[in-house]
Number of protein chains: 4
Amino acid sequence: MSTTSVASPESNDVARSRRDEILSIAAQQFAERGVASTTVRDIGSAAGILSGSLYHHFESKEQMVAELLLPVMQRQVGHYRELADGSSAAAETLRALIKVAVAEAAQTPSETRMFRNDAQSFSEMPTLQPVTDLLVEAAKLWASVIERGIADGEFREGVDARLVVAAMFDAVLSTTRWFSGKRPQSPVRVGDALADLFLGGLLRASST
Amino acid sequence: MSTTSVASPESNDVARSRRDEILSIAAQQFAERGVASTTVRDIGSAAGILSGSLYHHFESKEQMVAELLLPVMQRQVGHYRELADGSSAAAETLRALIKVAVAEAAQTPSETRMFRNDAQSFSEMPTLQPVTDLLVEAAKLWASVIERGIADGEFREGVDARLVVAAMFDAVLSTTRWFSGKRPQSPVRVGDALADLFLGGLLRASST
Amino acid sequence: MSTTSVASPESNDVARSRRDEILSIAAQQFAERGVASTTVRDIGSAAGILSGSLYHHFESKEQMVAELLLPVMQRQVGHYRELADGSSAAAETLRALIKVAVAEAAQTPSETRMFRNDAQSFSEMPTLQPVTDLLVEAAKLWASVIERGIADGEFREGVDARLVVAAMFDAVLSTTRWFSGKRPQSPVRVGDALADLFLGGLLRASST
Amino acid sequence: MSTTSVASPESNDVARSRRDEILSIAAQQFAERGVASTTVRDIGSAAGILSGSLYHHFESKEQMVAELLLPVMQRQVGHYRELADGSSAAAETLRALIKVAVAEAAQTPSETRMFRNDAQSFSEMPTLQPVTDLLVEAAKLWASVIERGIADGEFREGVDARLVVAAMFDAVLSTTRWFSGKRPQSPVRVGDALADLFLGGLLRASST
DNA sequence: TATGAATGAGAGTTCATTCAT
DNA sequence: GATGAATGAACTCTCATTCAT
C-alpha cells in the first residue's frame, strides 16, 4: 500500500491519483501549522472531503506523515551517499552536498518544513523510525566529509564536525522561506550563498 | 527538584516562589514536547500538583508561555541593542553577538528550545505578540551589523544579510543540544566555534 | 422517544431529522434545569448520545439555545406586529395579543420556560442578541396598544403601560405550568382567563 | 447559627457585623447573575476577601442562600397570615396583600429577584425546603382570599384563583425593576397600580 | 469513494470546598 | 479572620478514528 503511491511533487506528468492529491494537500497543511496542530478535519476540508473519508485512502494521520517524508528522505540520502562516496576534494564534495540539499528543499518545500519543525516529535511516532534512521545516516555522511576535509588539511583544525553539520542542516532546512513569498529566490543562488558562507565565511579572503 | 531547575533568569537566590518553580518545570516540558503537545496535566503532574491547581498561579497555559519567553527575549534584545550600537568593527561586533546569544541559550536552554520549535505557532497566541516583535527586532539588529560589515569592506560583497542572519539564528537556537547529555560542552567554546565558522568559514585561511 | 417530543415549531410531519430531535430534547432539559445548569452531558445522555457527538450537529451549546429561541420569538413578534397594526379597538387587540401569546406558549412550552427563566442571562450570550432585540420589540408593540387604549379613553387613565406590559408578559410566560401535569388546562381557556383578568380585573363590573 | 444573624437590609442601625455585610453583598451578586452563575469567587472579591475565607463565615454557598431567603420569606408570610385572617372584605384584603408584598419587594430587592429567578432550582437545594414550604403557604393564603371574594360575590365568578395568584406573584416579583434605575418609582405607587390593575382591570369601570 | 453519525479519550478551564499557616 | 495553596469533580469542547449506508 505504501509502495504504490508516491506523493512527492515531482510526479506531475498526467494522472495524479486522488490519493496523491490529498497527500500533497496534507503536506501543505502540515508545513503551515505543524503536524500535531493540523487536524484531519483541516486536511479533509482543504481537500474538499470529510475527515472520515480520508481513512479510505490512509490508515492514519501518522501514516500520511510517514508516506510523505520517507521517499523524500530516501532520495536525499541516496544523493548524499553518492556524493560522499565520490573521490572529489572535501570542499568540493561539501559544496555539492549543500547545493543538492538546498535543491531538494526547494523541490519539496512542505516536507522540508516538516523536517524543520516536527522532527522533534518523530520519536513519538513509531512509523517514522525509518525516517529518523535516514536522518541520522544523512548527518553521519555529511560529518564524514567534514572529517575527511580536516584530515586532509583542507579544512581548519579544531573544527567540530557535528556542530558544523548541525548548523548546516538547520540552515538548509530553513531555506524554504526564500523560495516563496514576494521575491522568490533561485535555489541555485541560495545554495551557492550557503556554500560560500560555510566554506569561506563572511570575512574577505582577508588574505590581502 | 527545585534547586536543579533554573528557568526564569530574574530569579535571584533567596526565595524561589512556588510559582517560579512551576514555571521552570513547565519550561522543561514545553522544551521537550513542544508547547502544543504539552498538556496542563503534564505540567501539573511534573510539578506534583493537579492540573486545575495551576490556575491558582497562572491564568492560562498561554500566559505561562508568555511569562517564560518575554523576559528572556527582552534581555537578549537588550544585549543586542548595546552591541549593535557600539563602535567596534563589524566582525568583532558580530562575534560578540554570536557569543552572547550562545551564552544566553546556554543559560535558558528550555526557553531557547521553545523559540526553536514553537516560534511558528506564536502567531496564533495573541499574548505572544510582544515576543514576536522582539524577535523581529533582534533579526534586524543582527542584519544591520552585517550590512555595515559589507559596506565597510570587512565582509565579502554579495552576501545576503538576511539569509546569513537566518542561518546564524538557526544555528544558535540549536546549540542547546550541546550543553546537556553525556559530554556537555562549554558555551564559550561553542560560541567561539560558531563565530569562527560564520566569520572565517571552514576552509583554511590557506588562501596562502 | 422521538415521537413524543415536539419542540421546534417548524417541524413538519415528514422527516424529523436527528438534529431536530436532539434540539427538542435539549429544549426540554433547558426548560427543566435552566440553560446554565444543563450540561451538554445531560443533553447527550437524554438523547442517547455522547456529549462530544453533539458537536457533530451543533457548534456550541449557546448555538443550540439560539437556534431554539430565535424562530419562536420571530414567529411571535410576527403575530404581534400584525395585531398591533390592525385597526381593532385597543381592548380587542390586547385580548388578541394575550390569547395568541398564550397559544404560542402552549405550543412551545420549553422555549417559553427558557424565556421565563433565562432571559436574564441572555446578555452574556452574544449569539442571542437578535432574540433580545425581538423581546424588546415585542414589549414595545404591546405597550403601544395599551397607550392607544388610554389615549382613546378605552382604558383607565393613569395606567403605567410599561408596568402593565411587564405584568402581562410575566403572566403569559408562566402559563406553561397549566398545560401539563395532572389536570392540563386548555390554552384557549387560560388565554381567556388572563385576558379577562387584565382587561376587566377581579371585581364584578357591576360593583359601582 | 442561622438565628443569630439577620442579613436583611433593614438591620442598619449600628454594628452590622462583617458577616451580615458579606451576606448582603452576596445577595446583590445572586440577584444580578443568578445563584448558580454567581461564584464564591465573585462574592469574595466583591467583599474584598478571598473566596476561601468565606467559609469562616458560612458553611456553604447554599447556606448563604438559605440564610438570605428564609427570614425574608418568614416575615412575608407573617404579614400574609395576619391579613388573610382579618375580617376585611376580600377586595380590601387583596389590595393590602399586594401592597405589602410590593413594599417588601422594595425593601429586599435582591432577595426578591432571587425568588423570581432561582425558585426553579430550589428543589435541588435541600436546605431551602423551608423556604419552598413558605412559598407554598403564601400562595395558599392569597388563593384563599380570592376564593372568599368569589364566594362572597365580590369577585367575578369563573375566576381561577390559582391562575390569578400566580399572575399576581409573578407581577409582584418583577416590580423590583421599577425601584432602581434612572427613574425609580415609589413602591407605594407601584403597589397601588398593581392592585388597581388586578382588582379593576384595564377597562374603564364605565363600561356599563 | 464518500457521507454522516457516532465514539472515547483527552484537551484547557472553572469552581465549591478544605486546610495548614 | 484571613491567606494562599491545593483538591477533585465537573465543565465545554476537540479530535483521530470507526462504520453502516
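Per chain, numbering begins at 1; letters A, B, ... match sequence-line order.
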Quiz prompt | Between C1' of dG12(E) and CD1 of Ile43(B), the distance in whole Å | solution = 11 Å
Practice problem: Measure the CZ-CG distance between Phe30(D) and Leu69(D) for me, rounded to the nearest 0.5 Å. | Solution: 9.0 Å
Quiz prompt | Donor-acceptor under 3.5 Å (Gln29(C) side chain, Ala46(C) main chain) | solution = no
Practice problem: Specify the separation, in whole Å, of atom CG of Asp42(D) and atom P of dT14(E). | Solution: 12 Å
Quiz item: So, are Glu111(D) and Arg116(D) salt-bridged, with charged N and O less than 4.0 Å apart?
Solution: no
Practice problem: Remember a base hit wins even if backbone is also touched, and classify Ser37(C) as base, sugar-phosphate or nothing at under 4.0 Å, heavy atoms. | Solution: nothing
Practice problem: Could you tell me the separation between the CD atom of Gln63(C) and the C1' atom of dT12(F), rounded to a whole number of Å? | Solution: 14 Å
Quiz item: Which dot-bracket notation, 5' to 3', represents the base pairing of DNA chain F when pairs are defined as Watson-Crick or G-U with both distances under 3.5 Å, crossing pairs as [ ], and inter-strand pairs as |?
Solution: .||||||||||||||||||||
Practice problem: For each nucleotide in nucleotides 1-6 of chain E, reading 5' to 3', give B when a protein heavy atom comes within less than 4.0 Å of its base, S when such contact involves only the sugar-phosphate, and - otherwise. | Solution: BBBBBS
Quiz item: What integer distance in Å separates Lys61(C):NZ from dC11(F):P?
Solution: 9 Å
Quiz item: Counting just side-chain N and O atoms, does Tyr55(B) come under 4.0 Å of either OP1 or OP2 of dT13(E)?
Solution: yes
Quiz item: Starting at CZ of Arg33(C) and ending at P of dA10(F), how long is that distance when rounded to a whole Å?
Solution: 14 Å
Quiz item: Ignoring hydrogens and geometry, is there a side-chain-to-backbone donor-acceptor pair from Asp118(A) to Gly34(A) under 3.5 Å?
Solution: no
Exercise. Send over the distance from Met125(A) CE to dA16(F) P, rounded to a whole Å.
Key: 11 Å
Exercise. Just compare dT13(E), dC11(F), dC13(F) and give me whichever is closest to any side-chain atom of Thr39(C).
Key: dC11(F)
Exercise. Report yes if the side chains of Val35(D) and Lys61(D) come closer than 4.5 Å at any heavy-atom pair, otherwise no.
Key: yes
Quiz item: Does a side chain donor of either Gln28(C) or Ser110(C) reach within less than 3.5 Å of an acceptor in the other side chain?
Solution: no
Quiz item: Does Arg41(B) use its side chain to pair, donor to acceptor, with the backbone of Ser51(B) at less than 3.5 Å?
Solution: no
Quiz item: Just wondering, more than 12 heavy atoms not from Arg33(D) lying within 6.0 Å of its CZ?
Solution: yes
Practice problem: Check whether any side-chain N or O of Gln63(C) sits under 3.5 Å from a backbone N or O of Glu59(C) as a donor-acceptor pair, and report yes or no. | Solution: yes
